[in-house]
Amino acid sequence: MDMDKNGDEIKILVIEDDPVITEFLSTGLKYEGYKVTSRNAGRAGLEALQDGVFDLVILDVMLPDIDGFEVCRKIRSRGPDIPVLMLTVKREISDRVKGLDSGADDYLTKPFSFDELLARIRALLRRSGKMRKDKRLQAGGLVLDLETRQVTRNGKMINLTPTEFSLLELFMRHPRMVFTRETILNRVLGYDHDGGTNIIDVHISHLRNKLGDRPPHLIRTIYGTGYAFYPEGKGV
Amino acid sequence: MKAWERLSLRARLSLLYAFLLIFSVVLVGGYSYWNIWQLFISTKSSHLRARAKPVIEHWLIDNGFDKLDVPGLKLNARNALALAQDLTSRDAAAVILDGKGRVIANGRRLPEEPEAPLPQGRYVQRALSGENEVTYRSLVNGRPVLVMLIPLRPRPGSSHIFGVIQMSTSLSDINEILFRHGAMLVSLVAVILILGTGAGFWLVGLSLQDLKDLVTGCNRISRGEFSQRVPVKNPRDEIGQLAVSFNQMVDKLEAGFASQQRFVANAAHELMTPLTGLRGSLEVLMRGAQDDPAAAARLTKGMFREVNRLIRLCERLLALSRLQNAENVHKEPVVLSRFLDDFIQQAKVLAGKHPVSIQQGPYVRIEADPDLLKQILLNLLSNAFRYSPGDSPVVMGWKLLPQGVEIWVSDQGKGMDKKTLSHVFEPFYQGKSSHRASGDRGIGLGLSLVKSMVEAQGGSVSIQSQPGRGTRVSVTLPLA
């Protein structure tokens with residue numbers, strides 16, 4: 001779960017009129033631990049901003065009532081220093097300049113990669129100070145240093161392959177979340193990885209060996225489904 | 001011929017010009033040469049005749065021949081010699097021939113007097129048979145002479161010819177003059193040729209300069225600089241007119257090119273939105289949403305909708321491009337009232353709560369493609385349904401116009417402002433208020449497709465609208 005400094009959920013407002021794009025944005029972002037509110041028009045979006053507190057706005061340029069540039073200028077004129085990420089189909093430099101000039105903090109052209117969107121959201125949140133810079137992940141006696149990519153358990157250094165490191169990072173970022181083998185395959189080895197999901201079982205077994213992970217496992221097998229990470233060593 | 005075609009237009013025109021010059025100079029020169037020659041010859045011969053005539057007449061009288069106008073007269077050598085000597089002078093030689101063509105006297109006595117040429121039998125025969133004055137040219141010691149044969153008669157008009165006088169005079173002087181004349185002509189031809197060809201080359205180059213500028217301009221444009229225009233020096237001459245029409249053509253080309261670019265860019269943008277939905281939904285599914293049945297169902301439903309939208313968009317684009325080809329339009333006579341009755345039954349399925357009605361017009365048969373007509377009207381009706389409140393009526397009907405039949409569809413919907421109205425037939429244009437309303441959105445191709453379909457059938461389409469009052473679209477098609 002991505003929390004802000006105070007441990008609260010990070011709230012994102014999506015202003016986008018295409019229902020399918022809104023749907024995948026809110027589903028995907030909720031999955032990443034953000035709290036998502038969506039509006040399908042410029043005025044509705046501005047009203048939502050007045051009523052609630054948000055940490056970030058994802059704003060489509062082509063809106064049915066007032067366009068995204070105008071919405072952005074209104075957000076800026078009202079004062080709140082909230083990061084705005086603009087989405088548009090237009091690729092011309094002049095459009096990007098117009099977007100950034102109207103007050104947007106970043107600009108993404110459709111169709112975009114969801115991973116890139118997430119990375120940009122994290123960058124914007126860090127810059128605005130809403131999210132601490134993740135340097136290390138800690139849980140269950142494990143410490144993951146994301147910069148040096150070193151792993152220790154109870155102070156003891158553990159050597160991991162890049163795949164094993166990504167696997168452990170995925171689990172530690174989402175404690176107690178159950179991942180199917182298919183999802184782990186997609187997120188760790190990439191969307192276009194060919195071959196069966198058995199490879200995941202192999203990697204998990206290697207990782208458990210290296211971590212000295214004995215039952216009850218930190219990385220627990222959920223029968224018929226996949227795997228989940230339990231830092232407290234209890235549960236199910 | 002090949003070599004001729006390889007030459008530049010300028011060289012070809014200059015060469016033609018030079019040939020024309022040579023031809024006319026040679027024609028004029030040759031004619032004047034021949035004329036002068038004729039003049040000289042006739043002067044010479046009349047001179048000879050004038051000299052000979054009185055001498056001969058005196059001689060005839062002196063010898064009493066004029067009283068003896070009978071056949072069988074004979075010349076004696078003494079008489080003939082006297083005549084020959086009388087006729088001979090410094091510039092004329094004289095020889096007398098008898099009735100059988102034999103030379104019986106030669107008048108030459110002094111060395112400075114010219115020599116006479118040998119008589120030529122066929123000319124002598126002509127003179128003996130009565131031809132009064134036989135003139136021909138001959139050579140004496142390689143020098144040209146004019147020879148004149150005069151038949152001897154006892155008196156003028158008599159048919160009894162008893163001899164022939166052969167007079168001859170040198171043509172060297174004439175040849176000298178003519179040679180000089182000819183030399184002058186040749187040098188004149190040369191001078192005219194050089195000056196004329198040079199001037200022609202220069203003149204042709206001058207008038208071809210505009211053409212050259214045109215070629216340069218065309219080359220620039222063909223390299224893709226569509227903003228370039230060729231210079232128009234004189235819009236009244238042929239090259240100026242060519243430049244003007246060429247520029248007009250490039251104007252059209254530039255506009256067409258720009259509109260095509262706009263069309264492609266718009267089409268690509270329009271493809272991008274559903275692709276964004278598809279890609280994002282797939283990515284979110286793969287990142288784990290596939291494990292949550294409820295989220296997976298929502299995402300796949302959305303993806304299905306986006307794919308359908310892409311298909312619809314591609315179908316419209318294909319339909320637009322098909323209409324560019326006249327072979328895809330199959331016109332036939334259509335009885336409008338019957339056609340609309342059938343059509344309205346199918347259209348009611350789409351109408352929802354909208355009451356749809358037909359205002360009957362006169363019985364007419366139009367020339368139209370029934371499939372296209374159906375698509376046109378379906379498009380117009382679905383626009384009317386989409387942009388008017390759920391239960392407001394939509395009416396269609398037709399009336400006779402001088403230029404054909406106007407079929408109209410009218411609604412009481414939200415209408416359009418002037419700005420939207422002026423762009424409404426442009427591909428991918430969507431007015432602000434129509435812009436993607438709550439999931440059910442147009443692609444922005446409907447009306448431009450309608451326009452293409454109507455025009456492919458030789459008709460026209462117009463639209464009237466008032467914001468808040470409603471819209472009326474009129475399609476005019478030719479009568480059968």
Side-chain angles (χ1 to χ4, degrees), chain A residues 16-32 40-42 58 60-67 87-92 95 108-118 170 174 177-193 222 225-226 228, chain B residues 261-262 264-310 313 387 414 420 428-444:
Chain A
E16 160 70 70
D17 67 321
D18 186 302
V20 178
I21 296 177
T22 309
E23 174 60 41
F24 87 73
L25 280 178
S26 33
T27 307
L29 290 174
K30 273 175 197 157
Y31 213 76
E32 293 304 312
N40 65 2
I58 296 176
D60 183 29
V61 171
M62 299 266 275
L63 291 169
D65 48 356
I66 41 180
D67 71 21
L87 301 180
T88 173
V89 160
K90 294 193 173 163
R91 289 169 153 60
E92 287 77 25
D95 290 299
L108 207 52
T109 50
K110 293 177 180 175
F112 48 84
S113 137
F114 196 73
D115 275 340
E116 187 182 352
L117 177 76
L118 290 176
L170 173 69
H174 305 277
M177 189 181 253
V178 179
F179 291 104
T180 59
R181 289 174 178 80
E182 186 68 37
T183 300
I184 297 170
L185 186 78
N186 286 333
R187 291 179 73 151
V188 173
L189 295 175
Y191 301 129
D192 51 1
H193 183 84
I222 312 297
T225 312
Chain B
Q261 271 183 328
R262 223 170 26 242
V264 170
N266 286 340
H269 280 163
E270 218 45 49
L271 290 168
M272 281 305 184
T273 307
L275 286 174
T276 306
L278 275 175
R279 178 182 181 161
S281 302
L282 278 169
E283 225 173 322
V284 167
L285 274 172
M286 286 192 290
R287 288 179 64 88
Q290 59 193 355
D291 304 333
D292 173 358
R298 284 197 309 271
L299 288 167
T300 41
K301 224 174 256 172
M303 283 161 59
F304 185 68
R305 225 168 30 215
E306 296 292 51
V307 168
N308 281 340
R309 207 169 136 208
L310 281 174
L313 181 62
Y387 301 123
K414 49 179 142 180
T420 309
F428 301 111
Y429 185 85
Q430 289 180 308
K432 270 206 166 158
S433 53
S434 74
H435 185 92
R436 312 186 197 167
S438 64
D440 174 28
R441 49 215 223 173
I443 297 168

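Hydrogens, waters and symmetry mates play no part in the numbers below; they use all other heavy atoms, side chains included. To find a chain, count down the sequence lines: A is the first, B the second, and so on, and within it residues start at 1.
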Contacting region of A:Tyr31 [heavy-atom separation from chain B under 4.5 Å] =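 Interface part for A:Tyr31: side chain.
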Check whether A:Leu108 gets within reach of chain B through its side chain, its backbone, both or neither, counting any heavy atom under 4.5 Å.
->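 Contact with chain B involves no heavy atom of A:Leu108 at all.
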Can we say A:Glu32 and A:Arg187 salt-bridge, meaning some charged N sits less than 4.0 Å from an Asp/Glu carboxylate O?
->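 So A:Glu32 pairs with A:Arg187 through a salt bridge.
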Could you check if a side-chain atom of B:Val284 sits within less than 4.5 angstrom of a side-chain atom of A:Glu23, using non-hydrogen atoms only?
->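 No, too far: nothing below the 4.5 Å cut-off.
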Given the options A:Ala41, A:Ser113, A:Gly28, which has more heavy-atom pairs under 4.5 Å with chain B than any of the others?
->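 The answer is A:Ser113.
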Given a strict heavy-atom distance threshold of 4.5 Å, which part of B:Arg279 is in contact with chain A: side chain, backbone, both, or neither?
->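 For B:Arg279, side-chain heavy atoms alone lie under 4.5 Å from chain A.
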Sidechain-backbone polar pair: A:Thr22 side chain, A:Glu16 backbone, donor-acceptor under 3.5 Å =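 Yes, the answer is positive, given that a donor and an acceptor are paired below the 3.5 Å cut-off.
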Has the side chain of B:Glu283 got a donor or acceptor atom that lies under 3.5 Å from a matching backbone atom of A:Asp115?
->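 Indeed, once roles are kept as given, a pair shorter than 3.5 Å links the two residues.
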